Amino acid sequence: KNTLTVGSRFALLNFDQLNRDNQERFKKDFFNLFPSVTYRYQPAPAQYANIRYNGSTQQPSIMQLQPIRNNADPLNIEEGNNALRPSFTHSLGANYTYFSSVKRLSLSLSADYFLTSNPITTDLFTNDAGITTSNYVNLKDKTNGFLTLRVNYGYPIKLIDAFYSLSGNYSNRYTYALTNNILNKRVTNIYGLDFFISKNKANKYEAYVGIKPTYTDSRSSLANQIN
């Protein structure tokens, strides 16, 4: 009924780059860690709950450290930052599932949360001449986050010998970026509903009707300052 799984992986990554413009050689080593813990509780064959944690390191990409120069677009200059450090994402999730084959009833609940510390983000600066320089920086005192919640319930409609399912979901994402030395926080909330009715007869027909409305609300702290 109770199962606990603990594990971890790690990876070593080495970058060895040569800037042919100035003949500078750049070397960098990264240590990536991926811990994981999962707990599973199953009181019955068709009923179980999981709680899990995963961690992962994201090292900067080669383009973030030392991008390829694009001489065809003089108004947009991309610079690298060889001082970038890896970010780390914590992932915590939980879910519950119940299914009854006799009643044809199903219920599922799930929640997931992702938190990224020391995130690597874009740093854009546009000067008076209209030239935009993009770079990448670590935001040591900020975190990026993502939350998602979902619930689903399904049950038969005996009167018409059909089955209906109702789902609701919500997600919240917030990230940070720099624009002309101003910190911009972007927040997106998404609300969704999924309802459908299905009816089928083996080897004869299958009918399905449903609706799936979604509402998205996006906000930016920089836009609020401008307005």
Side-chain angles (χ1 to χ4, degrees), residues 9-11 13 15 28 30-37 51-68 70 73 75-95 109-127 130-151 167-194 212-227:
R9 298 180 295 112
F10 70 89
L13 183 66
F15 285 156
K28 201 149 192 173
F30 295 103
F31 176 78
N32 295 332
L33 184 64
F34 306 93
S36 64
V37 179
I51 298 176
R52 58 195 176 276
Y53 167 81
N54 292 283
S56 60
T57 308
Q58 295 86 39
Q59 75 279 345
S61 67
I62 294 178
M63 291 299 293
Q64 291 172 334
L65 293 168
Q66 190 183 68
I68 299 174
N70 182 11
D73 189 2
L75 295 180
N76 291 281
I77 301 172
E78 189 170 2
E79 297 180 346
N81 181 1
N82 57 22
L84 287 174
R85 301 302 303 163
S87 60
F88 193 86
T89 297
H90 305 271
S91 171
L92 182 64
N95 68 282
L109 307 168
S110 66
D112 291 280
Y113 184 60
F114 303 87
L115 185 69
T116 301
S117 59
N118 199 38
I120 299 173
T121 189
T122 54
D123 182 6
L124 301 178
F125 186 84
T126 304
N127 62 20
I131 299 175
T132 299
T133 302
S134 60
N135 206 332
Y136 299 91
V137 296
N138 289 107
L139 295 179
K140 299 179 181 179
D141 58 342
K142 296 295 181 182
T143 57
N144 291 340
F146 177 61
L147 169 69
T148 177
L149 304 172
R150 182 173 177 83
V151 57
S167 300
N169 59 82
Y170 165 75
S171 68
N172 169 268
R173 183 189 299 273
Y174 61 91
T175 59
Y176 292 89
L178 287 167
T179 301
N180 283 23
N181 298 321
I182 299 175
L183 186 64
N184 181 29
K185 182 179 181 180
R186 291 170 294 200
V187 180
T188 300
N189 293 286
I190 301 177
Y191 308 83
L193 188 67
D194 190 352
K212 193 175 182 179
T214 301
Y215 174 74
T216 301
D217 177 26
S218 295
R219 300 174 185 270
S220 166
S221 62
L222 184 59
N224 293 335
Q225 293 178 32
I226 295 174
N227 294 333

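Just so it is clear, the model here is predicted, and its values are computed rather than measured. Side chains included, hydrogens not; waters and symmetry mates left out as well; all remaining heavy atoms used.
From Ile51, atom CD1 reaches atom CG of Leu92 across 8.0 Å, with rounding to the nearest 0.5 Å. To the nearest 0.5 Å, the span separating OH on Tyr174 from NZ on Lys185 amounts to 6.5 Å. From Asn135, atom CG reaches atom CG of Asp123 across 6.0 Å, with rounding to the nearest 0.5 Å. Here the OG atom belonging to Ser167 is positioned 8.0 Å from the CG atom belonging to Leu193, to the nearest 0.5 angstrom. One distance of note links CG of Asn189 with CZ of Arg219; it measures 8.0 Å at 0.5 Å rounding. The distance from atom CD1 of Ile131 to atom CG of Asp73, rounded to the nearest 0.5 Å, is 10.5 Å.
Minimum interatomic distance between Ser117 and Thr143 (heavy atoms only, all atoms of both residues): CA-CG2, 4.0 Å. Nearest heavy atoms, Gln58 versus Ile120: O-CD1, 4.4 Å. Counting all heavy atoms, side chain and backbone alike, Glu78 lies closest to Met63 at OE2-O, 4.3 Å. The shortest heavy-atom contact between Asn118 and Ser87 is O-CB, 3.2 Å.
Within the 4.5 Å cutoff, the side chain of Leu183 has heavy atoms near those of the Leu139 side chain. Side-chain contact check for Thr122 versus Tyr136: some heavy-atom pair is nearer than 4.5 Å. With contacts defined as side-chain heavy-atom distances shorter than 4.5 Å, the pair Phe125/Asn181 qualifies. With a 4.5 Å cut-off on side-chain heavy atoms, Leu84 and Leu65 count as touching. Taking 4.5 Å as the limit, some side-chain heavy atom of Tyr53 sits within range of a side-chain heavy atom of Pro35. Here the side chains of Asn144 and Tyr176 are in contact, with some heavy-atom distance below 4.5 Å. Here the side chains of Thr121 and Thr175 are not in contact, with every heavy-atom distance at 4.5 Å or above.
Side-chain N/O atoms of Asn95 and Arg52 include a donor and acceptor closer than 3.5 Å. No hydrogens or angles considered: nothing links the side chains of Thr57 and Gln59 as a donor-acceptor pair under 3.5 Å. Looking only at atom types and distance, the side chain of Thr132 has a donor-acceptor partner in the side chain of Thr126 under 3.5 Å away.
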Start with the C-alpha gap between Glu79 and Thr133, add the side-chain angles, then the distance that decides, and say whether side-chain hydrogen bond (donor to acceptor under 3.5 Å, both in side chains) holds.
-> CA-CA 7 Å; Glu79 297 180 346; Thr133 302; 5.0 Å; no
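Of the residues Tyr191, Tyr215, Phe146, the one that meets the ring-ring contact (aromatic ring centres under 6.0 Å, His included) test with Tyr170 is Tyr191.
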